[in-house]
Amino acid sequence: MQNQESLQWFMNARFGMFIHWGLYAIPARGEWVRNGEFISNEEYQKYFEEFNPTQYDPRQWAKIAKKAGMKYAVMTAKHHDGFCLFDSQLTDYKSTNTLCKRDLVAEYLEAFRAEGLKVGLYYSLIDWHHPAYPAYGDRHHPMRNNPDYAQRDPFENYIAYMHGQVEELCTRYGQLDLLWFDFSYDDMTGEKWQATKLVNMVRSHQKNILIDNRLEAGKSSLLSGKPNIYSGDFVSPEQIIPPEGIKDVNGNPVPWEACITLNDHWGYCSSDFNYKSSEMVVRKLIECVSKGGNLLLNVGPDAKGVIPRESVEILAQVGDWMEQNGESIVGCGYAGLDKPEWGRYTRNGNCIYAHVIDQPIGYLSLPGIPAEKVKSIRLLRDGSELHIIRDWITESYPDLTFTSIAPLCKYDKTATVVKIVLKD
Ligand code: GLC
C-alpha cells in the first residue's frame with residue numbers, strides 16, 4: 001500500500017543524494033569488493049580494525065547536497081558486507097566498536113535534518129557477515145563457491161536479526177522519511193524476508209515513511225495495478241532512466257526514482273575517474289523530471305569520510321545551474337506534451353518549462369503550446385521577457401508558436417530554460 005501523502009514531498013523533491021559508505025572505502029574498489037574477490041569475514045576484518053574516518057563531517061556533506069539543489073538523502077546504514085554504521089544492540093559489527101566509536105547514522109540524520117533535507121536510510125537485506133545468511137550456493141555471497149560454508153545457522157535467525165535492526169532504525173532515530181531496502185533475487189524475495197510483517201512493523205512506527213520496491217525481485221507489483229503490502233511506494237530503476245517514464249497496467253503514472261552513480265561505482269573506488277560531467281547530470285535530471293521521476297545521485301565518501309573532490313566540484317556546478325533554474329525541476333513533472341526536438345518540457349500547474357539543450361537556428365518553436373493560450377514567456381534564469389514571434393519566417397508554420405531567445409540573450413551550454421505561463 002502506497003503512502004500517498006508522503007509521496008507528495010517525494011515527487012516534488014525530484015533530486016536527492018545517495019551515499020554509499022562503509023568499510024569498503026578502505027580497499028577502495030567499490031562496495032562489491034568482497035563478492036568480486038571472494039573475501040572472507042576473517043580477511044575483511046582488518047578493515048574493521050582500521051576504520052577511523054577522522055574527517056567525517058556530515059554537516060559538510062549536507063551543505064554539499066543542499067547547494068546542489070538536492071532535497072533529500074539516503075545513506076547506507078548497512079550494506080551487503082553487513083557492517084553497521086549505527087549503534088545496533090544486535091551486533092558487535094558496528095561503527096561504535098571501531099576506532100572512531102561514532103554512530104555515523106545518528107550524526108548523518110542530525111546534520112541533514114538541520115539543513116532542512118528529508119532523510120532516508122538504505123538497509124541491505126543481503127548480509128555477507130551474518131552466520132545465518134545463506135553462503136555456499138548463494139548467487140552473491142563471497143563464500144558462494146566454498147563448501148565449508150554449506151552449514152549455516154537457521155535462516156530464521158537472520159530474519160529475526162534483520163527485523164530487529166530495522167526496528168531499531170525505526171524507533172531510535174526520530175522520524176525517517178524514507179527506507180531503502182536492497183535487494184531481492186531468486187527465491188530471496190517477498191515473504192522469504194517476511195516482508196508483510198516487516199513492512200507492517202515499519203509503518204506502525206513510522207506513519208509517514210516511504211519504502212522502495214526492493215522487497216520484491218523482478219517486475220514491481222506497483223505496475224500491476226494491484227500492489228501488495230510490501231510493494232513499497234516507488235519503483236527504483238538502477239543505472240537507467242526509464243525510456244518512457246513508468247506507468248502501471250492501467251496507464252497510471254507510478255512514482256519512480258532512478259539511482260545513478262556519479263562515476264561507475266557506488267562505494268568509493270580510488271581508480272575510477274569516469275565521472276559524469278555537470279552538464280550531463282543536469283540534463284539527466286531534466287530527463288527524469290520530464291518523465292515524472294526523481295534522480296538519486298550517488299556519492300561514495302572515502303576512508304577518511306571525505307566526499308571525493310571531483311564529486312564535490314560536479315555537484316557545485318550542478319548547484320549553480322539549479323540556483324538559477326531549479327524552479328523548472330523542483331515541484332515539476334511530466335508536461336503532458338511530446339518531447340520537443342530541441343530538448344524537454346517539464347511542468348508545474350500552468351507553468352511549462354522548456355529546457356533547450358540543442359540550440360535551434362533562429363527562433364525557438366514551442367510545439368503543443370498554442371499561442372492564444374500563452375499568458376507570458378520569460379527566460380527563467382533572470383525573469384526577462386521574451387515574445388511570441390510572428391513574421392515572414394514563421395508564417396509558413398501557422399500552427400506552431402515561436403519565441404526567440406537569441407539574439408536577446410546567451411544560451412546556457414547546459415540547458416537554457418524558458419518559462420511559459422499559460423492563461424487560466
Ligand atoms: C545494487 C547493489 C548495490 C547498490 C545498489 C544501489 O543493487 O547491490 O551495491 O547499493 O544497487 O542501487
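Start at 1 and go down the list; that is how both ligands and their atoms are numbered.
Judged purely by distance below 3.5 Å, without hydrogens or angles, the side chains of Asp138 and Tyr185 pair a donor atom with an acceptor atom.
A side-chain hydrogen bond (donor to acceptor under 3.5 Å, both in side chains) with Tyr72 holds for exactly one of Glu257, Lys118, Arg14; it is Glu257. Shown are Glu327, Arg344, Arg347; of these, the side-chain hydrogen bond (donor to acceptor under 3.5 Å, both in side chains) with Tyr353 is made only by Glu327.
Sorted by chain then number, the residues whose non-hydrogen atoms approach ligand 1 to under 4.0 Å are Phe18, His20, Glu31, Trp32, His79, His80, Tyr122, Trp180, Asp182, Phe183, Arg214, Glu238, Cys259, Trp266.
Take Lys247 and apply the salt bridge (charged side-chain N to carboxylate O under 4.0 Å, His left out) test, not counting sequence neighbours, and it matches no residue.
A salt bridge links Arg203 and Asp233; the closest N-O separation between the charged side-chain nitrogens and carboxylate oxygens is under 4.0 Å. A salt bridge does not link Arg34 with Asp81: none of the charged nitrogens is closer than 4.0 Å to a carboxylate oxygen.
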